[in-house]
*Asks:* 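Can you keep this structure in mind? I'll have questions shortly.
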Amino acid sequence: MEGPLAIVVGILIATGVYLMLARDLLHYLFGLVMISNAANLAIFITGRLTRASPALIPEGLEVAPMPVANPLPQALILTAIVIGFGLLAFTLALIAQAYKVLGTLDVDTMRIAEPRRIKRKASP
């Protein structure tokens, strides 16, 4: 089961990098979200996909009597999803404001901090 999911992680990362190389700010954001989802899926895969019971140990025992699921990757993924959603919301607000002020999402035309050089003729 881990093999096909590893291929999906690779496809998500490749697609995310491709989108992040685009000159459009919205494509960059979608690429960032895809890479973050790929990272979440990779963490989930490392937790060994099993249909084991929850990680609860009965009273009086020190070790679980049967194989249990590892809750740590699930907790990490839940935290990463919340942080990723916060990043997505903040970045969408930032992109909306940039579009409102500049009128474009093309990163080459958004160079306010780097003014274009004016070619001057050399004086004789």
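Computed from heavy atoms alone, side chains included, the values below leave out hydrogens, waters and symmetry copies.
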*Asks:* With sequence neighbours left out, write down each residue that passes side chain to side chain contact (heavy atoms under 4.5 Å, CB included) with Glu62, or none if nothing qualifies.
*Replies:*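 With sequence neighbours excluded, Glu62 shows a side chain to side chain contact (heavy atoms under 4.5 Å, CB included) to no residue whatsoever.
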*Asks:* Which distance, rounded to the nearest 0.5 Å, do you find between the NE2 of His27 and the CG of Leu32?
*Replies:*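 Spacing of NE2 (His27) from CG (Leu32) equals 14.5 Å.
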*Asks:* So which atom in Ile13 and which in Ala38 form the shortest heavy-atom distance, rounded to 0.1 Å?
*Replies:*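 In terms of heavy atoms, the two residues are closest at CG1-CB, 3.5 Å.
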*Asks:* Residues in side chain to side chain contact (heavy atoms under 4.5 Å, CB included) with Leu61, at least two apart?
*Replies:* Ile57, Pro58, Pro65
*Asks:* Strictly by side chain to side chain donor-acceptor pair (under 3.5 Å), give each pair with a member in residues 12-23 just once, sequence neighbours left out.
*Replies:* Arg23-Asp108
*Asks:* Output a table of donor-acceptor pairs, distance under 3.5 Å, between side-chain atoms of residues 79-96 and any protein atom two or more places apart or on a different chain; print 'none' if there are none.
*Replies:*
unit_1, atom_1, unit_2, atom_2, d
Thr79, OG1, Ala75, O, 3.0
Thr91, OG1, Leu87, O, 2.6

*Asks:* Report whether Val33 and Leu78 are members of the same hydrophobic cluster (ILVMFWY, side-chain heavy atoms less than 4.5 Å apart, transitive linking).
*Replies:* no
*Asks:* As an exercise, state the distance from CG of Leu26 to OH of Tyr99, rounded to the nearest 0.5 Å.
*Replies:* 11.0 Å
*Asks:* If you link I, L, V, M, F, W and Y whenever their side-chain heavy atoms are under 4.5 Å apart, who else ends up in the same group as Ile7?
*Replies:*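 In the cluster with Ile7 are Ile11.
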*Asks:* Run the side chain to side chain contact (heavy atoms under 4.5 Å, CB included) test against Ala39 and tell me which residues pass, sequence neighbours left out.
*Replies:* none
*Asks:* Measure the spacing between CG of Leu41 and CG of Asn37 and express it to the nearest 0.5 Å.
*Replies:* 8.5 Å
*Asks:* What's the shortest heavy-atom distance between Ala98 and Met110, and which atoms?
*Replies:* CB-CE, 3.7 Å
*Asks:* Would you give the length of the straight line joining atom CG of Asp24 to atom CG of Asp106, rounded to the nearest 0.5 angstrom?
*Replies:* 7.0 Å
